Every structure is written in C-alpha cells, then in structure tokens.
Amino acid sequence: MSQLDQLPDQDPAETAEWLESLDSAARTGGPHRTAHLLRRMAERAGHLGADLPPLLETPYVNTVPTAEEPAYPGDEELDRRITAWNRWNAAAMVTRGNQRGGLGGHIATFASAAWLYETGFQHFFRGKEADGSGDQLYLQGHASPGIYARAFLEGRIDEARLDRFRQEAGGDGLPSYPHPRRLPWLWEFPTVSMGLGPLSAIYQARFNRYLEHRGIKDTSRSRVWAFLGDGEMDEPESTAALALAARERLDNLTFVINCNLQRLDGPVRPNFKIVQELEAQFRAAGWNVVKSLWGSAWDAVLARDTDGALVRRLRAVPDAQFQTYATRDAAYVRDHFFGTDPALRALGAQLPDADLLELFRTSRAGHEPRKVYAAYRAAVEHEGAPTVVLVQTVKGHTLGPGFESRNANHQMKKLTGKEFRALRDLLELPIPDRALDDGPVPYAHPGEDSPEVRYLRERRAALGGPAPARKVTPKPLPEPSAKPFEALQKGSGTQEIATTMAFVRLVKDLLREKETGRRWVPVVPDEARTFGMESLFPTAGLYSPAGQTYDPVDRDQLLYYKEAKNGQILNEGITEAGSLASFTAAATSYATHGEPMIPFYIFYSMFGWQRTADQFWALADQLGRGFVIGATAGRTTMTGEGLQHADGHSHLIASTNPAAISYDPAFAYEIAVIVREGLRRMYGPEAEDVFYYLTVYNEPKVQPAMPPGVEEGILKGLYRYREAATGSPSDAPRLQLLSSGTAVHWALDAQRLLAEDWGVAADVWSAPSWTELRRDALACDAARLRGEDRVPYVTRALHGAPGPVLAVSDWMRAVPDQIAPWVEQDWTSLGTDGFGLSDSREAVRRHFGVDPQSVTVAALAALARRGEVKPETVREATARYALDF
C-alpha cells in the first residue's frame with residue numbers, strides 16, 4: 001500500500017506504464033541509474049511548473065556547470081594580484097603582532113576565504129555613496145586581517161595603523177574583530193559572537209523590506225551578505241530564523257558559508273559531510289542552494305566519470321578523511337581513494353602524481369575567482385527566496401604544508417621566514433630576499449599609482465564607494481510635543497493603572513505625532529495582548545510582506561488583528577532572539593540607511609536579558625539606539641507564574657552593559673520624564689550611542705501627579721518622594737527608605753506603619769536608577785584620581801539625611817547594593833534573592849521579606865543596631881506582624 005493510493009489518479013494505465021519504465025531502467029541500469037533518471041525527471045518537472053517538493057540533497061558537484069559559468073567581468077590578472085597583496089599583508093600583520101607581544105590573530109581563515117571576499121569586493125558589494133545604504137556585509141570576524149589588508153591597499157589604513165592591530169589602549173589601534181564601537185567608520189556589524197551574525201543578517205534583510213514597504217526608504221537595491229564558517233553553523237542562532245527568511249521570500253539575502261571542513265579544534269563533521277548536511281537543512285527550510293565545491297582541475301576528471309563512480313565516491317568519503325587526503329602523498333590517495341572500486345582505479349591510473357596532488361590539495365572552487373563569481377551571480381539573480389552559497393576551500397590555503405588542512409591552524413599565529421619566502425614565490429610578489437632576512441616581515445604595497453590600486457579604486461567607485469564602511473550623517477528628529485508626556489505627569493486620578501499600561505498609552509500617543517510617529521517601530525515577541533498593546537493592532541497594523549490574505553476571526557471587533565504590508569508593529573512570534581535582532585536592525589538604521597528609527601522592544605523582563613544578553617552586548621557594539629522595555633518586571637509581581645517567570649536580576653545583568661541606561665520607574669510620571677530624556681539623548685542634535693532599558697510592572701496602582709522639581713532626581717536616579725509626617729516628634733527615631741519600581745508602594749506602607757505603630761519617622765525616596773547612581777559615583781571616583789573635586793550625586797542627595805538608610809526593591813539585594821559604598825549613612829538592603837515561586841503577591845512578598853511589615857521590622861532592626869530603639873521592639877514587631885524570618 002502507498003500513501004498515494006488515497007489520491008485521485010486520472011489515468012491509472014498511464015501511471016502503470018511509467019512505473020514499468022522505471023522498473024525496466026532499474027533492472028538494466030541499477031539503482032544509481034534509476035536515481036539519475038528520477039533526479040532528471042524532478043528537475044524537468046520543476047521547469048514545467050509541477051508542484052513538487054524539492055529534493056533535499058543534490059550530487060556532490062558544483063551547482064553551476066562549467067559550461068554555464070558566466071563570463072568573468074573584470075581583469076582576472078589584476079584581481080589575482082590584488083588578492084596576492086592582501087594575502088601577504090594579512091599574514092604579515094598578524095605575524096608582526098605576534099612577534100612584538102604575542103598578541104595573536106588569525107591567519108588561516110582569510111587564507112581560506114580570500115577569493116570569497118575579493119570577488120565580492122571587486123564585483124558585487126555595493127557601497128553607500130550611491131543611495132546611502134549600499135549592501136550590508138556581515139564579515140567573518142576571524143577574517144578581519146584580510147579586510148584590514150584590503151583597506152591598507154586602498155589607502156584607508158596606513159602601516160602604522162596595521163602595526164596597532166590588537167593594540168587599542170592608545171586609542172588608535174585596530175580591533176581584533178569587527179567592532180563598530182571601536183572602529184565606527186569601517187565596521188557596521190559585530191560578528192564574532194558566533195551565530196549572531198547569521199541571525200542578525202536575516203532580520204536585517206527583513207528590516208530592509210520593512211523600510212521599503214512602509215515608504216521610509218527605497219532599499220530595493222540593498223543586499224545583505226553574511227559570510228559564515230561551516231563550524232559556526234552548529235550555533236543554534238545560526239539556523240534559528242531560516243524559515244522566516246524563506247517564508248518572507250527574502251531574495252535580498254545571501255549566505256556564503258566557507259566549507260573548509262574545519263572548526264577550531266578539528267573537522268566539522270569528521271564522519272559525515274557538512275556540505276550535504278547544510279544543503280539538506282537549507283533546502284528543507286525553503287532556501288535556494290548553490291554549491292561551489294570543485295576547482296577547474298576537477299572538470300576534466302569529472303567528465304571522464306561516465307558511470308558516476310567518482311561522484312559517488314566523493315559523496316561517500318567523510319570530511320575528516322578528505323582532509324587527510326589533502327595532506328598525504330599521491331600513493332596514499334591512489335590506494336585509499338581510487339583503490340576502492342575498479343572503475344575508480346582505472347580513472348586514477350590516468351592521472352599523473354602532480355595532477356592528483358593538485359586535485360586533492362588545492363583545487364577547490366573557493367580558490368578560483370571564476371567559480372566564485374559564477375556562484376555569486378547565480379545567487380543574486382535568483383528571485384523569490386534567499387540563497388546560501390556553500391563554497392569548499394582549504395583552510396590555510398597558500399600558507400604552505402605546515403598550515404593547509406592542519407587541525408591546529410586556527411591557533412597558529414605566525415609564519416616563519418622560510419614560509420614567508422614560499423608564500424612570496426607562490427603569490428609572485430616582488431619582495432626581495434634581503435627584506436626577509438632580518439627584523440619583522442615587511443608590509444608590501446604596489447604603489448599608489450600602480451595598476452592594481454587604480455583598478456581597485458575604479459571598481460569600488462563603480463560599485464558606490466568603499467566597503468565595508470559605516471557612515472553616519474546626523475539627522476536629528478524633531479522633539480515630540482509636550483502633550484503625551486504631560487498626560488502621564490498629571491497622574492491617573494482615582495483610576496488604578498499599571499506602569500506597563502502607562503508606557504503603552506504614552507507610545508500610542510507618540511505614534512500619532514506628525515513628524516516622528518511613523519518612525520516608531522514596536523517590536524513584540526508574541527505578547528502584545530499580555531502587555532495591553534492590542535489597541536495598536538487596527539491603527540498601527542502588524543507588518544506582513546504578504547499583507548492580510550485571510551479574514552481575521554475578530555474582524556467584527558474594534559481591536560481586531562490587522563496585518564498589512566505597511567504595518568508598523570513587528571510581532572515576531574515566540575522568539576526573543578529574533579525580536580532583539582529586529583530591534584537591532586531598527587536601532588542602527590540611522591547608520592545603516594541614514595534613517596533614524598525609534599524602536600521599542602517590549603518583553604517579559606525575565607526573558608530579555610537573561611536569554612539574550614549576548615545580543616544586547618552586540619547591540620551596544622553596533623551602537624544601537626532605542627527603548628527596551630522589561631514588562632511584568634520584578635520577582636513578586638507575576639503571581640502564579642513561578643520560578644521561570646519571576647525576574648529579580650535583569651537590572652543586575654543590564655548594569656554590566658555600558659551602553660544600557662537602566663531605569664526602574666515607580667510611577668507613570670517617571671516614565672514620561674525618562675522617555676522624553678531618552679528621545680533627546682538618542683535622537684536630538686547631540687545623539688548618543690546608548691539605549692534605554694525600563695522595567696514596568698503589571699500591578700495596577702493609582703498614579704500620582706508629578707511633584708514639582710523632581711526631574712533631575714528622576715534622571716540621575718534618586719529623589720525624595722515623601723518626607724516623614726510633619727507631626728512627628730523632633731526626637732523621634734528617623735531613617736531613610738530608598739526604593740524603586742513597585743517597591744515604592746511597600747516603602748510608603750512601611751512609612752505609615754513605622755509612624756503609627758512605633759513612633760518612627762521615615763522619609764521615602766524613589767530610586768529610578770540604582771545603576772545610573774553607581775555609574776555617576778564611579779565617574780566621580782575616577783575624577784578624584786585626576787585631582788578633581790567631584791562628589792557623587794547619591795552622596796550629595798543623601799548628605800545630612802538623619803538615621804540609617806534601608807533600601808528595598810523587587811530585585812536581588814545586589815541591585816541596590818551597587819550604591820552602598822557612596823552612602824555615608826549606615827546601609828541595609830532588602831531584596832528578592834533566590835528563585836521565584838507561585839502564590840499571591842502578598843504571600844510571595846512575605847516569603848522574600850519585602851512586604852511592608854517586613855520592611856518595617858528591618859527598619860526597626862537598623863535603628864536598634866544604632867541604639868535608637870530597644871532590641872525588644874524588633875521582637876515585638878516581629879510577633880505583631882506574625883513574621884517568621
């Protein structure tokens with residue numbers, strides 16, 4: 001029985017005839033002939049428009065036949081010489097750095113991939129001078145020496161700068177890898193945290209379409225190129241968004257995977273075939289796959305393979321064995337590769353030893369510009385799907401037998417003098433022996449007016465200027481009107497609203513702003529309704545390149561689910577990694593496309609920094625700007641969700657990111673002040689390369705009106721919100737309660753209990769940012785080392801405040817403890833250290849000892865340690881409130 005038996009067959013007799021023909025072919029030609037015929041039929045069926053799923057694996061040969069390779073468009077000899085100069089200088093730069101101070105660097109990766117980059121730079125990669133966007137290049141970090149070498153040839157980097165590779169402390173060094181924050185005129189995208197490059201590239205290509213569909217910028221000519229290693233594809237993020245790219249038909253995206261069969265410690269797939277595995281994975285996801293495996297020396301040999309034995313053998317040999325062939329002599333290859341089959345033995349006998357060694361040691365498509373050009377041309381001409389180019393190379397190519405295909409070549413940081421002489425001879429560079437006798441190996445340059453340099457500059461001019469290049473043209477956004485912010489500053493009257501809702505209301509009003517409303521980019525990981533954002537659905541719309549091809553189930557409701565091609569909201573589904581990749585693309589659009597956008601990414605606070613802190617670090621490296629909102633914040637506000645949802649530490653993680661400006665606002669008016677200042681700092685005339693992190697809560701509270709004169713304290717991180725009652729006796733014990741976020745309400749309740757039950761006067765302070773207070777204090781400490789007299793803001797704000805200080809928050813104690821060294825009073829803190837748990841808010845707060853009663857007892861204990869209340873008062877309070885510490 002067959003699954004197909006349940007489908008209608010219009011002509012069973014014809015079907016039987018086809019099956020009989022296939023049976024006959026199998027009897028006479030065998031299984032390999034049968035497979036060949038079926039592949040041919042499937043290919044022809046596709047050309048005829050038949051709706052067949054693609055085969056997941058094709059033969060282990062080049063996708064573009066040699067006879068179909070397009071004419072090479074440039075001067076191949078000049079391209080070869082340019083690549084030779086770059087190979088030399090990349091190796092020289094790393095070797096010189098290692099000889100000076102063991103600074104390291106990587107040589108083998110660029111040696112493997114040189115033609116993959118040079119072919120792109122000479123004939124494909126568009127610069128920014130034409131339209132301000134150009135192509136977006138995600139370049140392999142370990143290949144950065146080759147990119148620097150090319151910039152040196154162009155005149156964008158001089159020898160002195162090359163000699164500062166991995167020496168950044170002086171301020172003019174070259175970063176080891178692509179770091180926009182370190183070299184903001186050259187690098188656009190950080191890529192060395194492996195796996196983030198491919199993920200970011202997909203969402204960058206998607207964001208390019210988003211800009212175009214929304215009418216912000218014509219990005220139709222921009223192409224995203226991501227250069228990756230075959231070993232890097234093991235990272236989950238590398239393949240996490242392949243389906244998205246295919247589903248949204250991102251034919252503006254090309255992956256180039258350098259399949260040199262090696263990762264850092266050895267073969268990528270020792271017992272298998274990484275190229276075939278990747279082909280199946282990408283084809284299954286809906287990508288167009290172009291394989292570029294064998295160099296021209298293989299063409300004639302493959303043409304003699306009349307029965308397919310050679311192709312089958314190439315497919316069967318595991319990658320680790322093929323790597324071994326590249327390092328052994330001709331006799332070994334004849335015996336172990338060709339000796340397994342009579343037909344192969346006869347074929348191998350026709351090959352001289354020199355030809356045999358060329359085939360297995362060097363002849364890979366990735367080392368021949370014509371083969372690479374043909375693959376790239378096939379990629380850019382394909383429509384309707386993204387393309388991955390799988391290119392086979394030899395890691396360490398041209399660096400000699402000590403490097404090529406060796407397991408340890410990733411850790412090998414320098415060439416010997418003998419190896420440099422061999423490299424010079426192989427590359428045919430005019431470098432005399434005397435230059436290699438003593439001292440550091442020299443850099444080499446053909447001259448500013450040489451044919452190579454003139455040709456290189458001509459090619460880049462034709463393609464729109466230098467690449468890679470990062471270009472920022474200041475384009476300040478107009479300041480929004482005061483009305484949206486004033487609405488929050490007035491308070492909510494008697495209505496209780498959560499700060500999450502307050503933020504959403506603010507953004508909804510800002511989206512209506514005439515000048516800047518269309519530049520907001522809401523990014524949500526499938527939790528918009530959780531955060532009360534469904535009101536944005538019908539007005540802003542959810543972005544979909546297909547529009548809305550269905551009738552939504554809630555179409556008759558006011559807040560129906562509306563998708564549109566020009567939709568504003570990026571609802572990413574259940575993927576924090578994808579959401580942050582989208583946010584990053586929007587947050588850096590001011591540089592990538594010259595179009596400043598205002599993204600805000602709102603997420604369960606627990607699933608932001610903890611899950612994607614590496615991406616936040618890359619966002620900072622990429623100089624992203626925007627608002628990151630940790631909703632349902634704190635460890636005790638998410639009732640019923642338990643351990644995995646209760647965030648008590650995201651502010652601690654965020655504090656480690658120097659570009660993150662972190663706030664934990666307690667009231668709606670604090671949000672208004674912070675967002676307004678964030679817009680000024682990130683999008684005003686003096687735009688800064690920072691992003692804002694705000695935590696907001698799902699606990700409804702009456703939002704008070706903003707007291708006068710608190711703006712500075714909100715932004716700096718601390719202000720006195722409510723003093724102790726004026727009727728307190730002058731000799732009453734006194735203390736200061738510092739709190740942030742929802743904990744301000746516990747402090748206010750504790751203030752009342754202390755006064756009513758124990759005759760203690762307490763001032764309540766709101767601390768919207770423990771982290772900003774600490775950073776200011778650290779800056780003051782550094783200034784004092786320079787002889788300046790600067791006092792931290794937190795010290796000045798609390799100076800002279802009577803009594804001890806007790807800090808409380810819905811975070812780990814380590815969050816408020818950040819400021820303890822600069823507080824002159826006795827310091828105590830309360831927090832929610834440990835795992836979260838499910839229960840009512842009151843029960844969970846009692847468990848962690850941060851509810852108002854626990855705060856009251858802790859305050860009394862702090863006063864008892866100073867002798868200002870009796871120790872038995874603490875025991876009495878513990879019993880009265882039924883606490884069990």
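Computed from a prediction, not measured in an experiment: that's the story for all the values here.
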_Let's go through T58 and R283 carefully: what are the C-alpha distance in whole Å and the side-chain angles of both, what is the deciding distance for side chain to side chain contact (heavy atoms under 4.5 Å, CB included) to 0.1 Å, and is it a yes or a no?_
CA-CA 10 Å; T58 62; R283 283 182 175 274; 3.3 Å; yes
*Worked check of side chain to side chain donor-acceptor pair (under 3.5 Å) between E212 and S220*: CA-CA 7 Å; E212 182 180 357; S220 57; 4.5 Å; no
*Would K273 and D319 satisfy salt bridge (Lys or Arg N to Asp or Glu O under 4.0 Å), going step by step from the backbone distance to the final call?*
CA-CA 6 Å; K273 306 291 286 187; D319 285 347; 3.7 Å; yes
*Begin with the C-alpha distance, continue with both residues' side-chain angles, and end with the deciding distance and a verdict on side chain to side chain contact (heavy atoms under 4.5 Å, CB included) for T398 and R87.*
CA-CA 9 Å; T398 73; R87 285 182 182 278; 3.5 Å; yes
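Counting heavy atoms of neighbouring residues, nucleotides and ligands inside a 6.0 Å radius, atom CZ of R249 does not exceed 12 of them. E383 CD: 12 or fewer foreign heavy atoms inside a 6.0 Å radius. More than 12 non-hydrogen atoms from other residues, nucleotides or ligands lie less than 6.0 angstrom from OH of Y72. Counted within 6.0 Å of CD1 on I574, heavy atoms from surrounding residues, nucleotides or ligands total 12 or fewer; the atom is thus considered open.
R269 is linked by a salt bridge (Lys or Arg N to Asp or Glu O under 4.0 Å) to D234, E277, counting only residues two or more places apart in sequence or in another chain. Legend: residues meeting salt bridge (Lys or Arg N to Asp or Glu O under 4.0 Å) with E188, ordered by chain and number and at least two apart, are K128. Y376 is linked by a ring-ring contact (aromatic ring centres under 6.0 Å, His included) to F124, W225, counting only residues two or more places apart in sequence or in another chain. Remark: R221 engages no residue in a salt bridge (Lys or Arg N to Asp or Glu O under 4.0 Å) (not counting sequence neighbours). Among residues two or more places apart in sequence or in another chain, the salt bridge (Lys or Arg N to Asp or Glu O under 4.0 Å) test is passed with E118 by R150. Remark: Y332 pairs with H336 by the ring-ring contact (aromatic ring centres under 6.0 Å, His included) rule, at least two apart or across chains. Applying the ring-ring contact (aromatic ring centres under 6.0 Å, His included) test to W115 and every residue at least two apart in sequence or in another chain returns nothing. For the ring-ring contact (aromatic ring centres under 6.0 Å, His included) test, residues two or more places apart in sequence or in another chain that qualify with Y543 are Y210, H213. Partners of D23 under the side-chain hydrogen bond (donor to acceptor under 3.5 Å, both in side chains) rule, at least two apart in sequence or in another chain, do not exist in this structure.
Two residues are said to be in side-chain contact when any heavy atoms from C-beta on lie closer than 4.5 Å; V333 and D329 fail this criterion. In this structure, T362 and V394 have side chains that are not in contact, with every pair of non-hydrogen atoms separated by 4.5 Å or more. In this structure, the side chains of Q140 and F110 stay at 4.5 Å or more apart for every pair of heavy atoms. Counting only heavy atoms from C-beta outward, the side chains of D135 and V224 never approach each other to under 4.5 Å. For the pair R334 and D353, the minimum side-chain heavy-atom distance is below 4.5 Å. At least one side-chain heavy atom of L423 sits under 4.5 Å from a side-chain heavy atom of W88. In this structure, the side chains of C259 and V275 come closer than 4.5 Å at one or more pairs of heavy atoms. Here the side chains of P178 and P190 are not in contact, with every heavy-atom distance at 4.5 Å or above.
To the nearest 0.5 Å, atom CH2 of residue W287 and atom OG1 of residue T254 are 8.0 Å apart. To the nearest 0.5 Å, the span separating CD on Q615 from CG on L580 amounts to 4.5 Å. Taking CD from E232 and CE from M194, the interatomic distance works out to 5.5 Å, rounded to the nearest 0.5 Å. One distance of note links CD of Q122 with OG1 of T119; it measures 8.5 Å at 0.5 Å rounding. Going from atom OG1 of T239 over to atom CZ of F255 covers 9.0 Å, rounded to the nearest 0.5 Å. Separation of atoms CG (D299) and OG (S363) is listed at 7.5 Å; rounding is to 0.5 Å.
Aromatic pair Y177/H142: centroids less than 6.0 angstrom apart. The ring of Y138 has its center no closer than 6.0 angstrom to the ring center of F227.
In the model, Y550 has a side-chain atom that pairs as donor or acceptor with a side-chain atom of E563 under 3.5 Å. For the 3.5 Å distance criterion, the side chains of T219 and R209 fail to qualify, holding no donor opposite an acceptor. Between the side chains of S292 and Q392, not a single donor N or O lies within less than 3.5 Å of an accepting N or O. With hydrogens and angles left out, the side-chain atoms of S222 and N208 include no donor and acceptor closer than 3.5 Å. Between the side chains of S544 and K565, not a single donor N or O lies within less than 3.5 Å of an accepting N or O. Remark: the N258 side chain and the T393 side chain contain an N/O donor-acceptor pair separated by less than 3.5 Å. In summary, the side chains of Q136 and Q204 do not present any donor paired with an acceptor at a separation below 3.5 Å, with no hydrogens or angles considered.
Applying the ring-ring contact (aromatic ring centres under 6.0 Å, His included) test to residues at least two apart or on different chains, the pairs with a partner in residues 28-64 are Y60-W294. Residue pairs satisfying the salt bridge (Lys or Arg N to Asp or Glu O under 4.0 Å) criterion with at least one member in residues 67-83, sequence neighbours excluded, are listed as follows: E69-K371, E76-R370, E77-R80, R80-E428, R81-E452. Residues in residues 338-363 take part in these ring-ring contact (aromatic ring centres under 6.0 Å, His included) pairs, two or more places apart or across chains: W298-F360, F322-F360, Y325-F360, F337-F360.
The two atoms that bring A201 and L253 nearest to each other are O-CD1, 3.9 Å, heavy atoms only. Counting all heavy atoms, side chain and backbone alike, V311 lies closest to P59 at CG1-CB, 4.2 Å.
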